[in-house]
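Chain letters run A, B, ... following the sequence lines, proteins first, then strands; residues in each count from 1.
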Protein chains: 2
Amino acid sequence: MKPETDARITDTRKKILDLAEALMLSRGFNAFSYQHISAELGVRNAAIHYHFPKKSDLGVALIERYCRRFERFTQAQAELSPGEQLEQYFELADRYFGQQQICPSGILSAELQTLPEDMQRQTQAFVALMRGWAEDIVRRGRDAGVMHYPGSAEGMGDVVFAAMQGALQLARFDQQALQSVKLQIRQLLGCQ
Amino acid sequence: MKPETDARITDTRKKILDLAEALMLSRGFNAFSYQHISAELGVRNAAIHYHFPKKSDLGVALIERYCRRFERFTQAQAELSPGEQLEQYFELADRYFGQQQICPSGILSAELQTLPEDMQRQTQAFVALMRGWAEDIVRRGRDAGVMHYPGSAEGMGDVVFAAMQGALQLARFDQQALQSVKLQIRQLLGCQ
DNA sequence: GCGACTCTACTTACTGGTCAGTAAGGTGTC
DNA sequence: GACACCTTACTGACCAGTAAGTAGAGTCGC
């Protein structure tokens, strides 16, 4: 039985993924090594290679987990109003910021050209998922009459998504930047 | 006479900076090596070290050049209307996109935590410069009565800057994303 | 106008460190 | 005894950075 399809995912495997995720969001995929993980975990380097033979296997598993997590997140959100969904999006960003991290799509798109091909494809799918979600929020917000903005829902969704991604990067220099962008997006959407 | 203060900057030195710039904007600062540059330039690795002893020296010189270039850009722009300034900003982004690059502040902030300290400081100054400029455009646009938006000029400037930075990263997956964001920003600002 | 000197802009040759990745062996559990 | 989950021990590639040497162009005293 492959670990990927096994319900009881190895403890070590999960710890590796968690550590790799934190490292990727703070340092980037290229800038962390198996050493970083194994040292923190108290195992040898080759133990990581046992679970993820190539670094790209680890990267792909990381993005796949993001996609699954995101799917669950949006399903759990389905009952919420567009305004509440937006606020949950903002809280997600706050959580990244609190850990001195940026959003996964931000680091992955910045490093894109140096990533292994399978990771590039996976990233593309993940970014499309998040982009579609932002678009969905502002479209349903306008349809429900609680959000008001000129132009298309596609355009507004892209601006919200791009601005939040950029804001998390800006927030590394000025912690007020994230608050500033969130507040301005609320005002541009005419909600609250 | 130091090369930095000499008007006649070495040809090789300039070529190194140009190549390093292109490499940084497409691959990132950590993901290019002196080998990449020396191979392209037809010189030996140590020749690069002659002009830039440490890689961080090259990085700092790169950002310093950005600051100087940006200063000249904004000065040349001083006579233009806010609407025209915004369009020039958009054209700048188009140029990066055309070369499969992202904006310098995007890659530098994504990699920030792995950059040498002097580069981090330099980056902070550069980002502050660009942020202030975006804020200035939308403030003067509102004052002149040609741009209309809720909230503060600080907030709107941050959204425009963050959205453009994010859009260039999104555009790596979907080339329409940049157009989409530019169009939406124009509509949010109520100009054109 | 010629040798001595100096400086710039490199070269060759090297070091030590880090990296991903592999092979083969060990150990405990079912 | 088969398998999951590690270990030790290693390889080869790449990396930033350094030391020492050199070719050529310009400068200086004389």
Integer-rounded Å distance: [N] [atom2] and [X] [atom1]:
X	N	atom1	atom2	value
A:Arg44	C:dG25	CZ	C1'	15 Å
A:Asn30	D:dC14	CG	C1'	14 Å
B:Leu41	C:dC10	CG	P	9 Å
A:His49	C:dA23	NE2	C1'	13 Å
B:Phe32	D:dC14	CZ	P	18 Å
A:Ile48	C:dC19	CD1	P	13 Å
B:Ile16	C:dA9	CD1	C1'	10 Å
A:Asp57	C:dA20	CG	C1'	12 Å

So does [X] get a side-chain nitrogen or oxygen closer than 4.0 Å to the phosphate oxygens (OP1/OP2) of [N]?
X	N	result
B:Lys55	D:dC15	no
B:Gln35	D:dC14	no
A:His51	D:dC6	yes
B:Thr12	C:dA9	no
A:Ser33	C:dT18	no

Regarding A:Tyr50, tell me which of base, sugar-phosphate or nothing describes its non-hydrogen contacts under 4.0 Å with the strands shown.
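Here A:Tyr50 touches the bases of the nucleic acid.
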Working note: A:Gln169 + B:Gln169, criterion side chain to side chain donor-acceptor pair (under 3.5 Å); need CA distance, chi angles, decisive distance, verdict.
CA-CA 12 Å; A:Gln169 293 168 8; B:Gln169 293 168 7; 3.2 Å; yes
B:His36 has a side chain; which of C:dC10, C:dG21, D:dC15 sits nearest to it?
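Nearest to the side-chain atoms of B:His36, counting from C-beta on, is D:dC15.
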In terms of side-chain heavy atoms of A:Ala46, which of C:dT12, D:dT7, C:dG21 is nearest?
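Among the listed nucleotides, the one closest to the side chain of A:Ala46 is D:dT7.
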Would B:Lys55 and B:Phe29 count as a cation-pi pair here, with the cationic atom under 6.0 angstrom from the ring centre and within 45° of the axis?
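Output yes; distance and angle both within limits.
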List the atom of B:Ala93, the atom of B:Leu178, and the distance in Å for their closest heavy-atom pair.
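Distance-wise, the nearest heavy atoms are O-CD2, 4.1 Å.
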Hey, can you tell me if B:Trp133 and B:Phe73 have their rings parallel, tilted or perpendicular (30° and 60° cut-offs)?
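B:Trp133 vs B:Phe73 ring planes: perpendicular.
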Of A:Gly42 and B:Phe52, whose nearest nucleotide on DNA chain D comes first from the 5' end?
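By nearest-heavy-atom nucleotide position, the 5'-most residue is A:Gly42.
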Under 4.0 Å between a side-chain nitrogen and a carboxylate oxygen: does that hold for A:Glu40 and A:Lys15?
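Salt bridge flag = no for A:Lys15 with A:Glu40.
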